[in-house]
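What follows is a short report on a single structure.
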Amino acid sequence: MAAVRGAFTNKLGFILAASGSAVGLGNIWKFPFEVGLGGGAAFVAMYMIFCFLLCFPVMVTEIAIGRKTQKNPVGAFTALGFKNWRFIGVFGVLAGVLILSYYNIIAGWAFGFFFEMVQGNFDVSNNFGVFTSDIVKVCIYAVIFMSFTGYFVGKGISGGIEKLSRILMPTLLLMIIGMVLYSLTLPNAFEGVKFYLIPDLSEINISIVGGALRQAFFSLSLGMGTLITYGSYLSKKDNIVSSAAYITLTDISIAFIAGLMIFPLVAFINQGDMSAVASDQAGPGLIFVTLPQAFATLGPTLGALVGGGFFLLLSFAALTSTVSLLEVPTAYVVDELGITRTKAVLFASIFIFIVGIPSMLGNGASEFFSNQFKITGSTDFLSFASKMTDTMLLFGGLCIVIFAAYVWKKENLNAELANGYEGYQHKGISKYLDFTISFVCPTILAILLVLVVLSNFFGINFF
Ligand code: PFF
């Protein structure tokens, strides 16, 4: 069975692929603008607390369920003998389809910006709306990106996803560190660092708490069974707890470093005035609008090099995430319908591309999809889909911990975690995980989920 489904070569391969899933647009595109909208360092502090307190235990649980059952997120619950809980997996697959449908569009923008930068077309940032509403261009880039994604997923686990991550993850890290060192040397860089790192606790309100939680789940690829799927390809000899710790730390570190790369650039462009981050340049356009202006000041050659490098880096980060998003429905179709991986990839990617059409049209090309989705406080379809899926991930995470602690039962979870971790039951970390999975995660996630839904969908804010 394992030979047919594929498997990671070793623990490092798994960690790199799962970190590749975690590190993506969420870290480099979304994290900085969420920090900007969320008032800076207060958001960063809350995001980190959520990662350790809530996300790490959910991640351990997801990987354990996957490895125990060697199944996709839907099949996993059936394999454990709890068919009624399959809805968690179904919900996860749906969330994955919806996330990839719009994620692929933004990844396509990043890839398109790479070409614009290397041609020295820095003006594209002043005309970002023109770029995103050029449906032919956006569609071509989205098709290219989905094709790359499908190609690597089609190649399987060790020969496709793992190989890609082994090359791209270290490359990405070197590129980001290079960019940070460069941006810290720019005039006014320190103002950006201050905004990013010195918290103003008076800024905290429910939308910021909810934003930090949603960001933590999205960034760590939790709540939709990606890590159930990746865990299903992990060997019984490998230590799940330490792998999850490495993945969490890698993801947090890269998000943190991405902030150190972007805020000094923003401060440089605005001559030290960071108020713009929370106003006109805020939101999804932050890196697409602000950064090319910084690259332009470097002159045509250096600007093309640094700007091209940045957007190539962003595309690489996105690719290791899109492959993980496509792997979930692919594994589902392969496991449950028994069709070949190639056919499953083809079917899933075409279907998801079609689901993404409203998001593609919703950035200027169509008045309806660009301005009529007022349901979540957003106006366009892409932001609406993104808020929907963020909420679905929280719901998924909540259901997964409740399932593991009270339905599958802690003893079974612990027995799975002890594979590859000798003496696990007697370690302090097992007490921490027991306590967080049974009490802290269900309670805090349930409360915050209700508050986030009330705030996002009904405009009711308690603080
Ligand atoms: N974690 C990815 C990012 O930060 O860009 C996005 C993502 C990938 C979310 C896979 C969810 C997922 F299952």
Side-chain angles (χ1 to χ4, degrees), residues 16-35 47 50-51 55 58-59 62-63 66 72-73 88-89 91-111 145 149 152-153 161 164-165 168-169 172 176 211-232 244 247-259 284 287 313-332 348 352 382 385-397 400:
L16 286 173
S19 304
S21 166
V23 173
L25 294 172
N27 302 61
I28 303 167
W29 164 72
K30 201 164 185 243
F31 181 71
F33 87 69
E34 292 278 6
V35 171
Y47 163 78
F50 288 147
C51 281
C55 295
V58 174
M59 182 182 290
E62 280 203 30
I63 301 174
N72 67 85
I88 303 177
F91 220 65
V93 173
L94 290 178
V97 166
L98 198 51
I99 294 175
L100 183 54
S101 77
Y102 65 79
Y103 197 98
N104 183 56
I105 313 289
I106 303 160
W109 295 349
F111 195 53
F145 215 89
T149 306
F152 287 107
V153 175
I161 296 176
L164 178 77
S165 310
L168 289 194
M169 289 308 286
L172 183 71
I176 295 193
L213 181 67
R214 287 184 310 167
Q215 173 63 18
F217 263 73
F218 182 83
S219 182
L220 285 163
S221 306
L222 293 176
M224 54 154 276
T226 309
L227 288 159
I228 296 184
T229 312
Y230 274 19
S232 75
I247 300 163
T248 308
L249 286 173
T250 306
D251 187 64
I252 295 179
S253 311
I254 294 197
F256 184 74
I257 300 175
I287 63 169
L313 169 163
L314 190 61
S315 308
F316 283 172
L319 186 59
T320 49
S321 300
T322 51
V323 293
S324 75
L325 284 159
L326 186 59
E327 176 57 25
V328 175
T330 301
Y332 168 64
I352 294 169
L382 196 153
S386 150
K387 279 201 178 156
M388 281 292 289
T389 50
D390 280 359
T391 314
M392 287 168 91
L393 297 187
L394 293 187
F395 177 72
I400 286 168

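This one's a predicted model, so the numbers in the text were calculated from it and none came from an experiment. When a ligand or atom number is given, it counts from 1 through the structure's own listing order.
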- Query: Hey, which residues fall under 4.0 Å of ligand 1 on heavy atoms?
  - Reply: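 Ser21, Ala22, Gly24, Leu25, Gly26, Asn27, Tyr103, Phe218, Ser219, Ser221, Met224, Thr226, Ser321, Ser324, Leu325.
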For Thr320 against Gly20, the heavy-atom pair lying closest together: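 Here Thr320 and Gly20 meet closest at OG1-O, 2.9 Å.
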Measure the shortest side-chain to side-chain distance between [X] and [Y] over non-hydrogen atoms and say whether it is less than 4.5 angstrom.
| X | Y | value |
| --- | --- | --- |
| Ser386 | Phe218 | no |
| Val328 | Asn72 | no |
| Tyr230 | Glu327 | yes |
| Leu382 | Ile106 | yes |

- Item | Step-by-step side chain to side chain contact (heavy atoms under 4.5 Å, CB included) determination, Gln215 to Lys30 | CA-CA 8 Å; Gln215 173 63 18; Lys30 201 164 185 243; 3.6 Å; yes
